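Here's the structure, in structure tokens; my notes come after.
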Amino acid sequence: MGHRERDDEELSKDLYLRELRVQELLSMDTERRSSASRQDTTMYPTALTQLARGNPFSAPLFSLQKVEEPQQSLHGPRTRRLAAAATAQEGDSCEFGSQKYLVLCGFEDVSCEFGSSKYYALCGFGGILSCGITHTAVVPLDLVKCRLQVDPDKFKSIGNGFRVTLREDGVRGLAKGWAPTFIGYSMQGLCKFGFYEVFKIFYSDLLGEENTYLWRTSLYLAASASAEFFADIALAPMEAVKVRIQTQPGYANTLRQCVPKMYAEEGLWAFYKGVVPLWMRQIPYTMMKFSCFERTVELLYKYVVPKPRSECSKPEQLVVTFVAGYIAGVFCAIVSHPADSVVSVLNKEQGSTAVQVLKKLGPKGVWKGLVARIIMIGTLTALQWFIYDSVKVYFRLPRPPPPEMPESLKKKLGLTE
């Protein structure tokens, strides 16, 4: 009995402290809002604030209620007082994704509000690390893959490609193009992950709460396509330099040698002539990457993981992230490979167009190097999501749980009273 009484006291103390924290956050939020209302604001920050307050997985307002568990036997669970989420009709309500929401859900130690400017900035930083580090790490495999695509007569397989490269250029030859790869894909990661979060919230706000849930796959597709459009503009110059270094032996060995030489020969067009095929490759890739990942995570927690995400430890959640990322990566590689082959050949040959390259390669040629790309992209995508999610954990960013059907929609469908 003494142990149970102490446990009850600890639970009551924990709930009391949590309620104090809620009141503190409400007080801070009220002061911040009243202070902001006294300041002159322009259209831009007001619009940005409204955008930040939207969220992709809206849920009804809820309140803190007391729920008593039924009396059990001495050996069963004891009577406990729980903090439960319920549809708010009156009382202490809050918005999904707000500081108070995260406190009530047990995520007390978050560094910023969901959808705030700090949230977007740190998501962009996570994108820089996840894309820049992973793409640079697989430069040797990427180099061999590109050479298989542009010179299949000389480089007949992955193993043969490594042997020929080592024989001709040595071990250092496998690292050719690492600098433009790191710079280009870091910029791409910044735009890809940062803008994805922005567009996901923006489109969700346009759709509304119920449609966001019903059309969430379409929302993922639209947000990722919009983000990748801008990400490829940032990537295109360094991608062109990387492919030129890797596929034309003797042209240039470093970024500093290659950039001025390309500019002198073809002008600024040399760095952006591959942007259209890059869109053809990267937009389907990214749409598959984000939508497949989001839905795979949802399905893994629903059918595979034996407990809700809220009960999983951070390492367990990151394992789910890695598995979902690898599954998404395999599909990404298949969807985007034909366009990847066109980009590799186009950046090697001067004066060619995407249509000419596509005719030259033919239906069979566009699939050269697919196995190497599946290995590379599968591993790459899994690591990117793992690093990105790890950054969110490290910086204590809000990480909303998988989406659930809103109460209002359940009532419309007759699933609840």
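Bear in mind the structure is a predicted one, so any value in this text is a computation, not a measurement.
For Phe162, the CZ atom sits in a packed shell: over 12 heavy atoms of surrounding residues, nucleotides or ligands are nearer than 6.0 Å. In Trp215, the CH2 atom is not crowded: 12 or fewer heavy atoms of neighbouring residues, nucleotides or ligands sit closer than 6.0 Å. Phe331 CZ: 12 or fewer foreign heavy atoms inside a 6.0 Å radius. Counting heavy atoms of neighbouring residues, nucleotides and ligands inside a 6.0 Å radius, atom CH2 of Trp178 does not exceed 12 of them.
With contacts defined as side-chain heavy-atom distances shorter than 4.5 Å, the pair Phe293/Tyr220 does not qualify. Here the side chains of Phe155 and Val144 are not in contact, with every heavy-atom distance at 4.5 Å or above. Between Asp169 and Lys176 the shortest side-chain heavy-atom distance falls below 4.5 Å. Contact check for Met262 versus Val241: side-chain heavy atoms found under the 4.5 Å cut-off. When side chains are defined from C-beta on, Val297 does not count as touching Thr321, because their heavy atoms never get closer than 4.5 Å. Contact check for Thr165 versus Leu174: side-chain heavy atoms found under the 4.5 Å cut-off. Counting only heavy atoms from C-beta outward, the side chains of Phe195 and Leu190 never approach each other to under 4.5 Å. Tyr185 is not listed as a side-chain neighbour of Ile133, based on a closest heavy-atom distance of 4.5 Å or more.
Residues that satisfy the side chain to side chain contact (heavy atoms under 4.5 Å, CB included) test with Ala236, not counting sequence neighbours, are Tyr272, Val275, Leu278. Applying the side chain to side chain contact (heavy atoms under 4.5 Å, CB included) criterion to Leu122, with sequence neighbours excluded, gives Lys118, Phe395, Leu397. Taking Thr217 as the reference, Leu221, Arg295 meet the side chain to side chain contact (heavy atoms under 4.5 Å, CB included) condition, with sequence neighbours excluded.
Distance check: Glu298 CD to Glu404 CD gives 9.5 Å after rounding to the nearest 0.5 Å. Rounded to the nearest 0.5 Å, atoms OH (Tyr388) and SG (Cys131) are 10.0 Å apart. Rounding to the nearest 0.5 Å gives a distance of 4.5 Å between OG1 of Thr212 and CG of Leu207. Taking CG of Asp142 as the start and CD of Gln246 as the end, the distance is 5.0 Å to the nearest 0.5 Å.
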Ser341/Leu361 under side chain to side chain contact (heavy atoms under 4.5 Å, CB included): CA gap, chis, key distance, verdict: CA-CA 9 Å; Ser341 298; Leu361 290 174; 4.1 Å; yes
Trace of the side chain to side chain contact (heavy atoms under 4.5 Å, CB included) decision for Phe199 with Leu219: CA-CA 9 Å; Phe199 282 115; Leu219 184 144; over 6 Å; no
Salt bridge (Lys or Arg N to Asp or Glu O under 4.0 Å) evaluation trace for Glu168 with Arg163: CA-CA 9 Å; Glu168 293 183 351; Arg163 286 194 296 272; over 6 Å; no
Residue pair Gln188, Glu239: steps toward the side chain to side chain contact (heavy atoms under 4.5 Å, CB included) verdict: CA-CA 10 Å; Gln188 187 212 35; Glu239 177 73 3; over 6 Å; no
Ser111/Tyr119 under side chain to side chain contact (heavy atoms under 4.5 Å, CB included): CA gap, chis, key distance, verdict: CA-CA 9 Å; Ser111 61; Tyr119 175 80; over 6 Å; no
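Between the side chains of Arg147 and Thr247, no donor-acceptor pair of N or O atoms lies under 3.5 Å. A donor-acceptor contact under 3.5 angstrom links the side chains of Ser226 and Tyr203, judged on distance only. Of the N and O atoms on the side chains of Gln384 and His135, at least one donor lies less than 3.5 Å from an acceptor on the other residue.
Looking only at distances, no side-chain donor or acceptor of Arg244 sits under 3.5 Å from a matching main-chain atom of Cys258. Judged by distance alone, the side chain of Glu316 and the main-chain N or O of Cys312 form no donor-acceptor pair under 3.5 Å. Proximity of a side-chain donor or acceptor of Thr381 to a complementary backbone N or O of Gly378 within less than 3.5 Å is not detected. Counting only distance, with no hydrogens or angles, the side chain of Glu228 and the backbone of Met287 share no donor-acceptor pair below 3.5 Å. Side-chain atoms of Thr296 never come within 3.5 Å of backbone atoms of Ala324 as a donor-acceptor pair (strictly under, hydrogens ignored). When atom types are taken as modelled, the side chain of Thr286 and the backbone of Lys289 share no donor-acceptor pair closer than 3.5 angstrom. Checked by atom type and distance alone, the side chain of Gln317 pairs as donor or acceptor with a backbone atom of Arg309 at under 3.5 Å. Asn160 contributes a side-chain N or O that, together with a main-chain N or O of Lys156, makes up a donor-acceptor pair within less than 3.5 Å. In this structure a side-chain-to-backbone donor-acceptor pair under 3.5 Å is present from Arg216 to Tyr213. Under the 3.5 Å distance criterion, the side-chain polar atoms of Ser116 are left unmatched by any main-chain donor or acceptor of Cys112.
Classification of Lys392 and Glu197 as a salt-bridged pair holds, one side-chain N sitting under 4.0 Å from a carboxylate O. Between Lys412 and Glu407 there is no salt bridge, since no side-chain N of the basic residue sits under 4.0 Å from a carboxylate O of the acidic one. A salt bridge is defined here as a Lys NZ or Arg NE, NH1 or NH2 lying under 4.0 Å from an Asp or Glu carboxylate O, and Glu210 with Lys410 fails to meet this definition. Ion pairing of Asp151 with Lys145 is absent here, as no side-chain N (NZ or NE/NH1/NH2) approaches a carboxylate O to less than 4.0 Å. Using a 4.0 Å cut-off between charged nitrogen and carboxylate oxygen, Lys192 and Asp232 do not count as a salt-bridge pair.
None of Thr254, Val259, Leu255 except one satisfies the side chain to side chain contact (heavy atoms under 4.5 Å, CB included) rule with Gln257; the exception is Thr254.
Ring centroids of Trp385 and Phe290 are separated by less than 6.0 Å, placing the two rings close together.
Residues Tyr120 and Gly115 share a closest heavy-atom pair of CE1-O, 3.3 Å. Looking at every heavy atom in both residues, Ile377 comes nearest to Cys332 through CG2-CB, 4.1 Å. Residue Gly177 comes nearest to Ile245 through the heavy atom pair N-CG2, 3.9 Å, listed as atom of the first residue, atom of the second, then distance. The two residues Ala328 and Cys292 make their nearest non-hydrogen contact at CA-SG, 3.7 Å. Taking every heavy atom of both residues into account, Lys368 and His337 meet most closely at O-NE2, 2.7 Å. Contact record, Leu380 with Thr134: CD1-O, 3.2 Å, taken as the closest heavy-atom pair.
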